[in-house]
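Okay, so here's the structure we're looking at.
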Protein chains: 2
Amino acid sequence: MQNSQSSSKRFLDIIGELQSLISEQKIEYGDRLPSERHLAEKLQVSRTAVREALRSMELLGLIETRRGEGTFLSDFKKHQLVEVLSTFIMQQARSIQDVVETRMIHERAAITTITENEELRMLPVWIGMQSKLRERESVFWRVDMVRETIVATENRLSLKIWFLLKQYSGVSFDVPIEADEEIAIVHELLDEMMAGNTEKALICYEKWMNQVEGERRETE
Amino acid sequence: MQNSQSSSKRFLDIIGELQSLISEQKIEYGDRLPSERHLAEKLQVSRTAVREALRSMELLGLIETRRGEGTFLSDFKKHQLVEVLSTFIMQQARSIQDVVETRMIHERAAITTITENEELRMLPVWIGMQSKLRERESVFWRVDMVRETIVATENRLSLKIWFLLKQYSGVSFDVPIEADEEIAIVHELLDEMMAGNTEKALICYEKWMNQVEGERRETE
DNA sequence: TATGCAGGGTGGTCAGACCACTCTTTTGAA
DNA sequence: TTCAAAAGAGTGGTCTGACCACCCTGCATA
């Protein structure tokens with residue numbers, strides 16, 4: 001009977017039922033889902049149908065499967081989605097340039113948000129960042145700096161998008177860096193942000209990105 | 001033999017092979033893919049495995065299947081992705097507020113890009129937009145205005161993200177509107193953009209969004 | 001000529017069978 | 001008693017073959 005249910009796709013229904021089941025049973029990230037066989041019985045469909053739904057969710061990074069162990073609700077850390085989208089959707093994008101530009105859109109927006117909000121400027125993370133730079137506590141300060149800025153805006157969606165984009169736009173972004181000159185620029189950026197000077201902060205950011213870009217080209 | 005191939009997921013391999021096949025055979029958007037049975041034979045796997053891969057791709061909106069007809073390469077217009085993300089990933093996002101804010105990030109960035117680039121300001125689309133507003137050629141000028149702005153930046157990735165976000169942040173966004181006051185604001189926004197005055201243009205934009213937001217709340 | 005019906009191809013679903021793997025329990029030898 | 005090996009149960013991974021619902025086309029019939 002449920003078959004004749006309009007034109008809705010079966011495996012989409014199953015995904016929906018899985019979502020309900022997950023929220024009902026309060027399954028959290030990392031927890032195990034019922035086995036495919038149990039799900040098939042519970043939902044009154046074949047194991048094949050359950051598997052098609054699960055594979056789709058796996059591709060999206062929503063779940064994780066381990067042979068012999070089970071299916072687990074994922075912490076959305078898997079990047080199959082990214083990989084697949086990279087070869088399909090990104091093909092449509094003009095070029096890698098779009099990715100870089102879009103990433104920068106989110107970064108500029110975050111800087112602006114912080115700079116223009118007095119409360120956010122007071123966060124202890126900035127003090128920590130400054131001393132981190134000074135004492136070279138982490139060699140990943142480049143990515144740390146940007147990430148903390150976006151995190152501070154408390155826009156988790158923007159953070160998520162940024163995180164995805166970052167994986168394309170230059171691997172060098174994640175590479176440890178030890179450049180005094182760059183550290184100086186980031187210091188300046190931080191200072192301008194703390195001073196609430198949006199315009200100058202954005203100029204610093206542009207300067208910084210130009211330097212990073214130049215560096216990237218040299219290594220090619 | 002192929003089974004013992006490390007730990008890589010079978011259906012991911014199949015998706016990869018499908019991608020190769022699509023680019024080799026120059027299959028374009030809207031074209032039909034080989035049938036599931038043919039693919040299974042060609043790739044030397046069972047139809048089950050092919051289907052799991054296809055269902056995943058369908059969920060992503062990469063393909064479209066029509067019973068009795070076949071499987072077609074999609075123009076990425078389907079929104080299964082959006083629907084699923086809305087209930088899973090968006091759950092993680094602080095709230096719908098994140099979506100709105102992120103959408104506005106892309107809109108502000110587009111306005112800035114246009115305003116600060118003299119060539120882009122010369123595009124005929126703005127003249128057209130102005131007369132469109134004046135003569136009320138389209139009742140969808142609200143969404144038209146924003147879309148055209150982002151289109152003009154030629155960042156297709158940003159456009160794609162914006163399009164997805166738009167579907168959440170207030171359905172009223174797509175509803176025909178006939179408000180003189182709002183038209184006046186958009187006119188002003190256009191004028192400031194054409195004048196290359198970024199700061200004022202952004203202020204206009206904020207004013208506009210505040211009005212739209214107030215309007216939305218009233219109808220609730 | 002126009003209509004309708006049958007057949008072939010397609011995706012949708014299912015049941016059942018193995019395999020490979022992981023973990024727990026049981027067993028048996030040191 | 002201890003602990004390592006073997007057996008079992010449970011899980012995902014894959015495959016086969018079958019049937020259904022649907023779409024299209026071409027042929028036969030009116």
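Numbers restart at 1 for each chain; the letters A, B, ... are given by sequence-line order, proteins then strands.
Under the side-chain hydrogen bond (donor to acceptor under 3.5 Å, both in side chains) criterion, A:Glu41 pairs with no residue at all, not counting sequence neighbours. B:Thr65 is linked by a side-chain hydrogen bond (donor to acceptor under 3.5 Å, both in side chains) to A:Lys9, B:Glu58, counting only residues two or more places apart in sequence or in another chain. For A:Thr102, the side-chain hydrogen bond (donor to acceptor under 3.5 Å, both in side chains) partners at least two apart in sequence or on another chain are B:Asn155. Judged as a side-chain hydrogen bond (donor to acceptor under 3.5 Å, both in side chains), and not counting sequence neighbours, the contacts of A:Gln130 are A:Asp191.
Within the 3.5 Å criterion, the main-chain N or O of B:Val146 finds no donor-acceptor partner in the side chain of B:Trp162.
When heavy atoms are screened at a 4.0 angstrom cut-off, B:Thr48 is found touching base atoms of the nucleic acid.
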Got a list of protein N/O to nucleotides 6-11 of chain D N/O distances below 3.5 Å?
from   : atom 1 : to      : atom 2 : distance (Å)
D:dG10 : N2     : A:Gly68 : O      : 3.3
D:dT11 : O2     : A:Gly68 : N      : 3.4

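Evaluation of atom-type donor-acceptor distances gives no pair under 3.5 Å for the side chain of B:Arg47 against the base of D:dG17.
Remark: P of D:dG12 and CD of A:Glu64 are 13 Å apart, rounded to the nearest angstrom. In this structure, the CD atom of A:Glu52 is 14 Å from the P atom of C:dA15, given to the nearest Å. In this structure, A:Leu39 places its CG atom 17 Å from P of C:dT13, rounding to the nearest Å. Regarding A:Arg51, its CZ atom lies at a distance of 18 Å from the P atom of C:dG16, rounded to whole Å. One atom, CD of B:Glu41, and another, C1' of D:dT16, lie 15 Å apart when rounded to the nearest Å. The CG-P distance, from A:Asp13 to C:dG12, rounds to 13 Å in whole Å.
The salt bridge (charged side-chain N to carboxylate O under 4.0 Å, His left out) contacts involving residues 21-34 of chain A comprise nothing, where partners must be two or more places apart or lie in separate chains.
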